[in-house]
Engineer: 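Handing you a structure now.
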Protein chains: 2
Amino acid sequence: MQLRMTNQREIILSELKKSRQHLTADELYDRVKKDMPRISLATVYRNLEILSEAGLIGKLEISGRQKRFDYDVSEHDHIYCAICHRVDNLDIDRQGLHAREIKAVKGYRVSGYRLEIVGICPACQKKQEKKEKEK
Amino acid sequence: MQLRMTNQREIILSELKKSRQHLTADELYDRVKKDMPRISLATVYRNLEILSEAGLIGKLEISGRQKRFDYDVSEHDHIYCAICHRVDNLDIDRQGLHAREIKAVKGYRVSGYRLEIVGICPACQKKQEKKEKEK
DNA sequence: CTCCGTGCAAACGATTTGCACTATG
DNA sequence: CATAGTGCAAATCGTTTGCACGGAG
């Protein structure tokens with residue numbers, strides 16, 4: 001099962017990379033459609049799955065909502081906005097955690113962990129302040 | 001909007017508490033149905049949502065899969081099995097993380113974080129060993 | 001040429017919602 | 001007795017799949 005670099009796959013990949021955001025399949029679909037109007041959403045889903053399996057992009061399955069895909073494949077954690085669900089990459093030292101983690105496993109064979117910081121992004125903070133004033 | 005402690009709400013709550021597991025809505029539905037055969041799945045969903053908003057149970061939204069509900073409302077993290085998706089509670093010291101977290105926020109107002117450790121649970125490890133032998 | 005990939009529509013699994021009815025406080 | 005909660009069915013949302021056709025290697 002070898003990978004073919006089709007036109008649609010190439011565009012999906014480059015559109016995600018150049019976005020520098022953590023897009024959902026349908027957000028990406030909207031962008032890709034501009035270059036390739038007949039592409040189908042199913043193709044976007046299929047390719048995102050394949051690309052993330054191939055290690056060319058990252059897959060984010062954060063807190064029960066829509067999957068997002070990451071242009072950055074290096075190991076890192078995420079912060080996301082509880083209001084608008086925007087996601088940003090974080091640079092946290094992962095060393096300290098490992099020691100703590102390994103003690104806590106209760107019989108599990110640990111393969112990794114996911115750390116998500118939750119908060120309110122700058123844009124949504126501003127919106128809240130505005131609402132506050134209007135009262 | 002005051003809460004009424006209906007029969008179904010009470011049973012859902014007590015069934016989750018006594019399970020000492022992290023059940024999904026439909027797993028809980030199956031259990032509750034034994035005591036109350038005419039209850040509907042929608043009622044289970046509605047009540048789990050309400051109960052978690054009221055702080056009587058916890059809601060777990062792990063890695064893009066089905067929501068699970070937590071009988072334990074105290075602050076804690078989780079470990080889950082990458083194979084069978086079983087979830088267990090963890091006791092990790094949350095102190096060390098806070099300091100690191102606050103440095104990393106890039107304009108976000110941080111409200112908390114979620115740490116999930118991923119691994120393979122004892123039961124699934126055994127299954128794998130068995131398969132290995134059979135080859 | 002061989003199959004992997006595509007577009008389309010239909011199928012799917014989890015969850016939510018509109019509605020008329022019920023029952024709690 | 002007001003109105004939160006229920007059961008049911010249908011709707012919705014994100015995602016996946018079956019199929020016949022198209023195109024990359």
Side-chain angles (χ1 to χ4, degrees), chain A residues 1-16 21-54 56-70 80 84-87, chain B residues 1-16 22-70 80 84-87:
Chain A
M1 200 238 270
Q2 85 222 0
L3 282 205
R4 289 181 183 173
M5 193 44 74
T6 61
N7 229 307
Q8 17 284 81
R9 189 163 296 164
E10 212 163 0
I11 293 183
I12 288 167
L13 181 56
S14 79
E15 201 65 44
L16 179 61
Q21 291 180 51
H22 301 78
L23 301 175
T24 59
D26 59 297
E27 284 166 353
L28 200 45
Y29 173 59
D30 286 341
R31 294 181 183 217
V32 169
K33 246 193 320 198
K34 282 172 193 154
D35 300 356
M36 189 177 265
R38 297 192 46 97
I39 198 172
S40 94
L41 181 55
T43 298
V44 175
Y45 272 105
R46 272 187 286 235
N47 278 312
L48 286 171
E49 204 52 49
I50 288 168
L51 288 169
S52 74
E53 247 153 58
L56 294 171
I57 61 175
K59 184 170 23 164
L60 262 88
E61 306 182 273
I62 280 189
S63 45
R65 21 193 76 261
Q66 244 178 306
K67 282 178 196 152
R68 291 180 178 274
F69 294 85
D70 198 336
Y80 76 91
C84 70
H85 309 122
R86 166 201 178 83
V87 177
Chain B
M1 200 235 272
Q2 83 222 359
L3 283 206
R4 288 179 184 174
M5 194 43 75
T6 60
N7 229 306
Q8 18 284 83
R9 188 162 297 164
E10 211 163 2
I11 292 182
I12 288 167
L13 181 57
S14 79
E15 201 64 43
L16 178 62
H22 300 79
L23 300 175
T24 59
D26 60 296
E27 284 167 354
L28 200 44
Y29 173 59
D30 285 342
R31 294 180 183 218
V32 169
K33 245 190 325 196
K34 282 172 191 152
D35 300 356
M36 187 176 268
R38 297 193 44 98
I39 197 171
S40 94
L41 181 55
T43 299
V44 175
Y45 271 106
R46 271 187 287 237
N47 278 312
L48 286 171
E49 203 53 47
I50 288 167
L51 288 169
S52 73
E53 247 153 60
L56 294 171
I57 60 175
K59 184 170 24 162
L60 263 88
E61 308 183 271
I62 281 189
S63 42
R65 29 192 73 263
Q66 243 178 308
K67 282 178 196 153
R68 291 180 176 273
F69 295 85
D70 197 337
Y80 77 92
C84 71
H85 308 124
R86 167 200 176 84
V87 178

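None of the values given here were measured: they were computed from a predicted structure.
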Engineer: To the nearest Å, how far apart are Gln66(A) CD and dA14(C) P?
Structural biologist: 17 Å
Engineer: Can you confirm whether Leu16(B) sits close enough to Ile12(B) that some side-chain heavy atom of one is under 4.5 Å from a side-chain heavy atom of the other?
Structural biologist: no
Engineer: Polar atoms only, N or O, under 3.5 Å: list the protein pairs with nucleotides 8-12 of chain C and their distances.
Structural biologist:
unit_1, atom_1, unit_2, atom_2, d
dC8(C), OP1, Arg38(A), NH2, 3.0

Engineer: According to the Watson-Crick and G-U wobble definition with distances under 3.5 Å, which dot-bracket string, read 5' to 3', encodes DNA chain D, using [ ] for crossing pairs and | for pairs with another strand?
Structural biologist: ||||||||||.||||||||||||||
Engineer: Could you state the atom-to-atom distance from CG of Leu3(B) to P of dT6(D) in whole Å?
Structural biologist: 11 Å
Engineer: Mind jotting down which residue pairs meet the salt bridge (Lys or Arg N to Asp or Glu O under 4.0 Å) criterion with at least one end in residues 5-14 of chain B? Sequence neighbours excluded, please.
Structural biologist: none
Engineer: So that I can tick it off, tell me whether Lys59(A) and Glu53(A) are bridged by a salt bridge, with the cut-off set at under 4.0 angstrom between side-chain N and carboxylate O.
Structural biologist: no
Engineer: Output side-chain donor-acceptor pairs under 3.5 Å for residues 32-40 of chain B, partner residues at least two apart or in another chain, one line each.
Structural biologist:
unit_1, atom_1, unit_2, atom_2, d
Ser40(B), OG, Ala42(B), N, 3.3
Ser40(B), OG, Thr43(B), N, 3.3
Ser40(B), OG, Thr43(B), OG1, 3.4

Engineer: Between Thr43(A) and dG7(C), is there a contact of a side-chain N or O with OP1 or OP2 at under 4.0 Å?
Structural biologist: yes
Engineer: In whole angstroms, how far is the P atom of dG5(C) from the CD1 atom of Ile11(A)?
Structural biologist: 16 Å
Engineer: Between Glu53(B) (CD) and dA4(D) (P), how many Å, whole number?
Structural biologist: 15 Å
Engineer: Going by heavy atoms closer than 4.0 Å, what residues in residues 22-31 of chain A are next to DNA chain C?
Structural biologist: none
Engineer: Rounded to the Å, how far apart are Leu41(B) CG and dT12(D) C1'?
Structural biologist: 15 Å
Engineer: Is any side-chain heavy atom of Gln66(B) closer than 4.5 Å to a side-chain heavy atom of Asp26(B)?
Structural biologist: yes
Engineer: Using a 4.0 Å heavy-atom cut-off across all strands, classify Gln8(B) as base, sugar-phosphate, or nothing.
Structural biologist: sugar-phosphate
Engineer: What are the two closest non-hydrogen atoms of Ser52(A) and Gly58(A), and how far apart are they?
Structural biologist: CB-C, 4.5 Å
Engineer: Return no unless some side-chain N or O of Lys33(B) is found under 4.0 Å from OP1 or OP2 of dG7(D).
Structural biologist: no
Engineer: Relative to the 5' end of DNA chain C, which residue comes earlier, Glu49(B) or Thr6(B), by the nucleotide with the nearest heavy atom?
Structural biologist: Glu49(B)
Engineer: Specify the separation, in whole Å, of atom CD of Glu10(B) and atom C1' of dT24(C).
Structural biologist: 12 Å
Engineer: Below 3.5 Å between N/O atoms, which protein atoms pair up with nucleotides 1-3 of chain C? Just atom names and distances, please.
Structural biologist:
unit_1, atom_1, unit_2, atom_2, d
dC3(C), O2, Arg4(A), NH1, 3.4
dC3(C), O2, Arg4(A), NH2, 3.2

Engineer: Please report the distance, rounded to the nearest Å, between OH in Tyr45(B) and C1' in dT12(D).
Structural biologist: 13 Å
Engineer: Rounded to the Å, how far apart are Met5(A) CE and dT6(C) P?
Structural biologist: 10 Å
